Amino acid sequence: MSSERRKPYPFDTIEPKWQAHWDTHQTFHVPNPGEPTFDPTRPKFFILDMFPYPSGAGLHVGHPEGYTATDIVARFKRQCGFNVLHPMGWDAFGLPAEQYAIKTGQHPAVTTAANVAHFKGQLQRIGFAYDWQREVNTTDPGYFRWTQWIFLQLYSAWFNADTQRAEPISTYTGPDPDSVRLAYVADARVNWCAELGTVLANEEVIDGKSEVGGFPVVRRPMRQWMLRITAFAERLIHGLDGLDWPDSIKALQRNWIGRSEGAEVTFTSDAGAPITVFTTRPDTLFGATYLVLAPEQFLVEKLTTPEQADAVRAYVEKASRKSDLERTDLAKDKTGVWTGAFATNPVNYERVPIWIADYVLAGYGTGAIMAVPAHDERDWAFAQKFALPIREVVSDTPRLGLGGGSPCSAEPLDCFPGEGFAINSGPLDGLPTSEAKAEITRRLGAVGAGKKCITYKLRDWLFSRQRYWGEPFPVVWEEGKHRAIPASELPLMPPELSDFEPTGTGEPPLARAVEWLTYSPTARRETNTMPQWAGSCWYYLRYCDPSNTERFVGKAAESYWMGGSIEPEQTPNRPACHAQADVLGMAKSSGGVGEGEAGAAQGNPNSMTSSPELMEFEAQSPAPPTSFSSTSAGALSQTPSKPGGVDLYVGGTEHAVLHLLYARFWHKALYDLGHLSTPEPFQRLVNQGLIMGEDGQKMSKSRGNVVNPDTVIEAYGADAFRCYEMFMGPLEQSKPWSMTGVEGVSRFLARVWRLVMEEQQDGSWSLSPAIADVEPDKALRKVVHATIKKVGEDIETLSFNTAISQMMICVNALIPASPRPKSAVLRLLQVLNPFAPHLTEELWEKLAGVPTTLADEPWPAWDPVALIEDEWELPVQVNGKLRDKITVSRTADASEVEKTALLSPKVQEHIGGKPVRKVIVVPGKLVNVVV
RNA sequence: GCCGGUGUGGUGAAAUGGCAGACACAACGGACUUAAAAUCCGUUGGCGUGAAAACGCCGUACGGGUUCGAGUCCCGUCACCGGCACCA
């Protein structure tokens with residue numbers, strides 16, 4: 001007995017046939033401006049997928065969900081007359097290939113090539129309309145040559161705080177260019193993962209473990225390459241406003257960047273050293289009863305008194321041994337130690353003790369805080385534990401006349417972190433919190449003891465990895481100084497190695513390649529490699545011009561595919577208070593990588609301040625364009641008519657603060673340096689939801705609930721696979737897989753097939769005799785045109801599930817028709833084509849009898865007249881409850897409709913003789929009688 | 001704790017403030033068949049009345065509100081999912 005299912009229609013022969021056809025005819029190739037077949041009259045549409053990492057496991061059903069959605073849009077837009085750029089490529093540097101290489105000794109390039117071939121085969125089986133001539137691979141020297149080139153752009157640029165723009169390093173007039181480069185070397189307490197043998201970016205560490213593999217991550221001081229993403233913090237937040245992205249992703253990015261407004265306040269220690277703290281509540285300054293420094297804060301050693309030195313040293317030592325996990329997770333119990341020192345509050349000249357505690361983070365703000373236990377939960381807990389004084393300075397109700405600055409003797413019973421009115425605060429008394437903040441900041445400014453300040457949680461991007469399978473840095477070291485190699489030497493190939501294993505010491509494996517290492521008798525190559533994100537930071541640009549050997553992307557190609565109508569990026573033009581420092585303010589110029597020890601923190605990391613006037617201006621409104629370059633009326637409008645960038649980008653949420661933030665950063669830097677025409681890369685972003693296993697659990701090998709697209713395609717065909725992925729539910733929602741659901745969609749496609757084809761005795765198929773060249777009747781015509789309308793609208797809004805529902809309705813209406821009007825069936829095939837391209841091409845060929853490619857046919861128009869009914873069936877409510885339905889002429893006016901409704905016996909029954917107070921008639925919708 | 005999202009039949013879901021449950025899945029009944037598969041037709045939110053046609057009541061997490069009318073808008077509560085979390 002054969003276990004093979006009978007195929008509901010011969011998808012197994014027609015799918016390869018049409019895939020070969022599209023390939024031979026290069027149906028989905030789109031030429032660039034300047035090429036002979038380029039049609040400049042068509043508008044462009046750039047539709048992008050997040051390109052996959054070609055793992056050995058192959059595609060899972062989650063990948064093609066987004067890919068199918070974009071494929072439908074791409075095919076649709078093409079049929080609507082757009083030049084559609086819809087490419088695919090491979091994000092192929094990365095750990096798994098390298099770990100596999102370590103296990104097997106096989107070179108990562110070999111396994112990567114095999115995996116790419118496997119992935120590509122799987123994608124092609126699904127029938128995606130990619131322009132394969134534009135395929136990119138991040139490990140291709142012709143590609144990573146330009147990744148290295150972009151690194152050199154960042155290396156050779158700095159961020160000018162006055163212009164708020166990246167500029168060539170040549171415009172920098174300060175003493176030490178190495179201290180301001182966008183790519184710089186710093187000693188920092190970095191995330192070191194021993195298991196992976198490499199350091200990781202903050203974004204790659206989750207709950208103290210590596211995102212990849214879940215291995216423990218510890219802080220360790222190392223000398224590393226950093227990218228100065230913090231310089232762009234303000235613009236990265238500001239730029240989100242104009243983007244058509246899900247609010248959740250915008251919120252995630254805003255949250256990650258973590259902008260907060262407050263003030264810097266400078267206390268003076270008894271020894272004379274100024275101690276600057278950052279606070280978001282300067283209005284509580286009168287309630288500051290002690291200061292706290294982070295254990296790593298640079299002033300700790302200087303401030304500590306000899307009597308307390310042992311205790312402080314022990315505490316700092318202990319804190320440094322704690323992992324991040326221990327410092328945060330177990331941290332509800334506060335610890336700390338007194339330095340023995342005091343500082344003076346600049347507003348009331350009160351002497352307050354200076355403490356050290358690891359609840360204060362060295363990397364944020366100034367690494368020092370003023371503690372206001374009455375109004376901060378953490379300070380409250382610390383003060384309780386160490387019996388420090390607590391003074392109430394904010395009340396939830398105005399208590400005027402209590403003031404005078406005299407400290408309240410009774411300690412409050414509770415911590416009140418909310419806003420209210422200042423009390424016990426001298427000149428601030430009675431002011432609401434927001435006004436008190438402004439007033440105290442103004443007063444501090446006047447005496448030079450403080451100023452308004454903005455800080456960010458975002459840290460600079462740790463950009464080097466101690467791995468083999470990544471882009472080598474185009475940098476050499478000579479006499480302890482780094483310098484770029486000339487762009488003409490790119491691509492810089494990685495050395496051939498037989499041992500890819502991490503050294504375990506933090507020294508990268510590239511250091512084993514002695515010959516490669518030697519650049520000149522006196523210069524050695526940088527041995528770190530770039531992180532996997534490097535290649536994906538700009539791949540969308542390379543798609544525009546993938547084989548260009550002169551430039552990372554040609555100017556004409558870039559401005560066509562990425563261009564909009566160009567407007568200056570609207571960012572507040574305001575200077576930073578002081579130059580951004582690296583993670584711990586320790587970025588000193590070069591030394592050998594890996595040789596350095598963590599120096600003492602200096603300066604004031606991640607802290608930017610602007611003058612009060614500019615801040616007020618910014619708070620009111622975004623800066624208007626400084627000049628109008630255009631004479632058109634559009635220049636008066638604040639929003640660009642066409643923002644440009646990628647028109648639609650679909651992918652998962654997992655890259656919210658990784659790829660999507662990194663790519664925006666590179667894009668802005670390249671934009672500033674004049675290489676790009678738009679300030680933002682991705683105009684519209686959509687996240688597809690997760691596909692769960694049939695058991696409703698997340699798909700995973702260990703649960704055994706993983707669905708492989710190949711087996712689905714084997715049994716039901718690619719078209720059924722595509723349609724099911726879209727029919728499951730809204731694109732953005734998580735939803736469980738269901739094999740019976742696939743079967744249902746497969747039945748639908750088989751019905752479409754049998755609309756046109758009839759099975760013979762011998763099992764072969766021939767054109768159904770029911771098909772005839774007749775006009776559809778009014779009802780059928782209405783369904784067909786409603787379907788054309790709805791499917792087109794639904795594709796625009798990515799509501800693919802309801803588009804398919806509508807086509808099912810259409811098919812259900814066509815099935816019983818005899819004869820079946822050919823024109824109606826052809827329209828159906830056209831609208832179904834983006835969803836089920838193989839089936840519809842085949843039937844189109846059979847039915848049209850001419851050798852055309854359906855994918856090339858224009859999208860059909862719908863006729864509004866066909867949708868108009870002569871009569872309407874209207875529901876009639878009495879007091880909002882449905883009681884009857886009446887049929888009225890489309891042309892009947894409201895009073896006629898009302899009269900008809902009131903004539904209904906059922907309606908009369910429910911009115912029950914009561915006087916009718918009001919009748920609401922919504923034309924074409926309903927009637928509501930109010931009694 | 002903070003931010004974002006979600007809550008509708010047995011299941012996936014649909015519904016510009018206007019007939020809740022379209023379209024499917026599953027289930028049940030029927031036709032075709034020697035039989036099965038496939039296909040086609042029908043029933044299917046809950047409770048109640050009725051032989052039946054039909055009719056009534058309830059129903060979109062829960063409690064309020066706005067409205068002629070609320071799944072949809074507003075206020076509050078609960079549950080679940082995702083992110084951040086000693087960020088001063």
Side-chain angles (χ1 to χ4, degrees), chain A residues 5-8 206-207 246-256 258-260 262 277-281 284 292 294 327-329 331-334 357-361 363-372 375-379 381-382 417 455-459 606 653-654 656-657 687 689-690 696 724 727-730 732-745 747-748 750-751 754 759 799 801-809 811-812 815-816 873-885 906 917-922 924-931:
Chain A
R5 293 176 63 258
R6 233 177 109 273
K7 306 241 183 306
I206 294 166
D207 293 336
D247 285 340
S248 59
I249 299 288
K250 288 191 186 184
L252 243 44
Q253 290 211 350
R254 286 200 185 97
N255 211 340
W256 188 261
R259 180 186 201 273
S260 73
V277 302
F278 172 74
T279 178
T280 54
R281 292 293 299 273
T284 62
V292 189
R327 274 174 79 154
T328 55
D329 237 35
K332 297 308 151 197
D333 201 22
K334 300 267 181 296
D358 65 4
Y359 83 91
V360 173
L361 305 177
Y364 182 75
T366 61
I369 63 157
M370 63 180 209
V372 186
H375 306 289
D376 181 284
E377 304 269 11
R378 299 149 301 184
D379 298 342
F382 192 80
T455 65
Y456 302 90
K457 284 196 247 179
L458 184 70
R459 304 297 143 83
N606 298 301
T653 50
E654 66 273 20
V657 292
N687 293 122
L690 223 55
Y724 175 66
F727 187 62
M728 291 172 80
E732 304 188 58
Q733 203 166 297
S734 286
K735 54 237 157 192
W737 187 269
S738 156
M739 272 309 174
T740 56
V742 184
E743 207 156 319
V745 170
R747 276 204 281 271
F748 158 66
R751 277 204 297 279
R754 292 196 309 270
E759 192 166 19
S799 308
N801 54 331
T802 51
I804 292 171
S805 294
Q806 180 63 38
M807 290 187 280
M808 286 173 168
I809 292 169
V811 170
N812 291 345
I815 289 264
E873 190 185 59
L874 294 187
V876 182
Q877 300 178 335
V878 178
N879 287 339
K881 286 199 164 160
L882 178 70
R883 295 305 180 187
D884 199 8
K885 289 179 185 181
K906 283 184 197 163
R917 286 197 296 154
K918 200 177 192 194
V919 179
I920 287 147
V921 178
V922 185
K925 284 289 181 195
L926 61 40
V927 182
N928 190 10
V929 181
V930 186
V931 292

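Each chain gets a letter, A, B and so on, in the order the sequences are listed, and its residues count up from 1. This one's a predicted model, so the numbers in the text were calculated from it and none came from an experiment.
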Which is true for [X] with a 4.0 Å heavy-atom rule: it touches a base, it touches only sugar-phosphate, or it touches nothing?
X: A:Asn812; answer: sugar-phosphate
X: A:Ile920; answer: base
X: A:Pro730; answer: sugar-phosphate
X: A:Phe382; answer: nothing
X: A:Gly744; answer: sugar-phosphate
X: A:Arg254; answer: nothing
X: A:Val922; answer: base
X: A:Ile809; answer: sugar-phosphate
X: A:Thr653; answer: nothing
X: A:Asp379; answer: nothing
X: A:Arg917; answer: nothing
X: A:Ser805; answer: base
X: A:Thr279; answer: sugar-phosphate

Query raised in the report: Is any side-chain N or O of A:Lys334 under 3.5 Å from a base N or O of B:C86, one able to act as donor and the other as acceptor?
Result: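 Answer yes: a donor N or O sits under 3.5 Å from an acceptor.
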Nearest to the side chain of [X], which nucleotide is it out of [options]?
X: A:Asp358; options: B:G4, B:C86, B:A88; answer: B:C86
X: A:Phe278; options: B:A88, B:C19, B:C25; answer: B:A88
X: A:Thr802; options: B:C84, B:A15, B:A88; answer: B:A15
X: A:Trp256; options: B:G4, B:A24, B:C84; answer: B:C84
X: A:Lys735; options: B:A13, B:C40, B:A15; answer: B:A13
X: A:Tyr359; options: B:C86, B:C23, B:A88; answer: B:C86

Could you state the [atom1]-[atom2] distance from [X] to [N], rounded to the nearest angstrom?
X: A:Glu759; N: B:A38; atom1: CD; atom2: P; answer: 14 Å
X: A:Met807; N: B:A22; atom1: CE; atom2: P; answer: 19 Å
X: A:Asp376; N: B:G1; atom1: CG; atom2: C1'; answer: 13 Å
X: A:Glu743; N: B:A27; atom1: CD; atom2: P; answer: 11 Å
X: A:Leu882; N: B:G21; atom1: CG; atom2: P; answer: 10 Å
X: A:Asn687; N: B:C81; atom1: CG; atom2: C1'; answer: 15 Å
X: A:Asn879; N: B:A70; atom1: CG; atom2: C1'; answer: 16 Å
X: A:Glu377; N: B:G1; atom1: CD; atom2: P; answer: 11 Å

Report summary line: Letter by letter from the 5' end, nucleotides 54-61 of chain B scores (B base, S sugar-phosphate only, - none; protein heavy atoms under 4.0 Å) -SSSS---
**Report entry** Sugar-phosphate or base contact per nucleotide [nucleotides 41-50 of chain B; S, B, -; heavy atom under 4.0 Å]
**Finding:** ----------
Same-atom distance ([atom1]) from [N] to [M], integer angstrom:
N: B:A24; M: B:U44; atom1: P; answer: 15 Å
N: B:A22; M: B:U60; atom1: C1'; answer: 15 Å
N: B:A70; M: B:G17; atom1: C1'; answer: 7 Å
N: B:G42; M: B:C47; atom1: P; answer: 24 Å
N: B:G83; M: B:U16; atom1: C1'; answer: 32 Å
N: B:C55; M: B:G21; atom1: P; answer: 16 Å
N: B:A13; M: B:G65; atom1: C1'; answer: 30 Å

Query raised in the report: Using the glycosidic torsion, which applies to B:G9: syn (within 90° of 0) or anti (everything else)?
Result: syn
Would you please name every residue forming a side-chain hydrogen bond (donor to acceptor under 3.5 Å, both in side chains) with [X], sequence neighbours left out?
X: A:Lys250; answer: none
X: A:Ser738; answer: A:Thr740
X: A:Arg754; answer: none
X: A:Ser248; answer: none

Query - Closest-nucleotide 5' rank along RNA chain B - winner of A:Met370 and A:Val657 - result: A:Val657
Report task. Hey, which sits more toward the 5' end of RNA chain B by its nearest nucleotide, A:Arg281 or A:Ile249? Result ->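 It is A:Ile249 whose nearest nucleotide is closer to the 5' end.
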State whether [X] places a side-chain N or O below 4.0 Å from either non-bridging phosphate oxygen (OP1 or OP2) of [N].
X: A:Asn928; N: B:C19; answer: no
X: A:Asn255; N: B:G4; answer: no
X: A:Ser260; N: B:A88; answer: yes
X: A:Gln877; N: B:C19; answer: no
X: A:Lys918; N: B:C68; answer: yes
X: A:Tyr364; N: B:A88; answer: yes
X: A:Arg751; N: B:A38; answer: no

With sequence neighbours excluded, residues passing side-chain contact (heavy atoms from CB on, under 4.5 Å) with [X]:
X: A:Gln733; answer: A:Pro730
X: A:Leu874; answer: A:Trp872, A:Ile886, A:Val888, A:Val897, A:Val927
X: A:Ala656; answer: A:Ile249, A:Leu252

**Report entry** Pair pattern of RNA chain B in dot-bracket, where unpaired bases get dots and | marks partners in another strand, Watson-Crick or G-U under 3.5 angstrom
**Finding:** (((((((..(((.....[....))).(((((.......))))).(((((....)))))..(((((..]....))))))))))))....
Query raised in the report: By ring pair (Phe, Tyr, Trp, His ring centres under 6.0 Å), which residues pair with A:Trp256, not counting sequence neighbours?
Result: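 Scan of A:Trp256 (ring pair (Phe, Tyr, Trp, His ring centres under 6.0 Å), adjacent residues dropped) gives none.
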Requested in this report: Check ring pair (Phe, Tyr, Trp, His ring centres under 6.0 Å) between A:Phe382 and all other residues, then give those that pass, not counting sequence neighbours.
Outcome: A:Tyr290, A:Trp355, A:Tyr359, A:Phe386
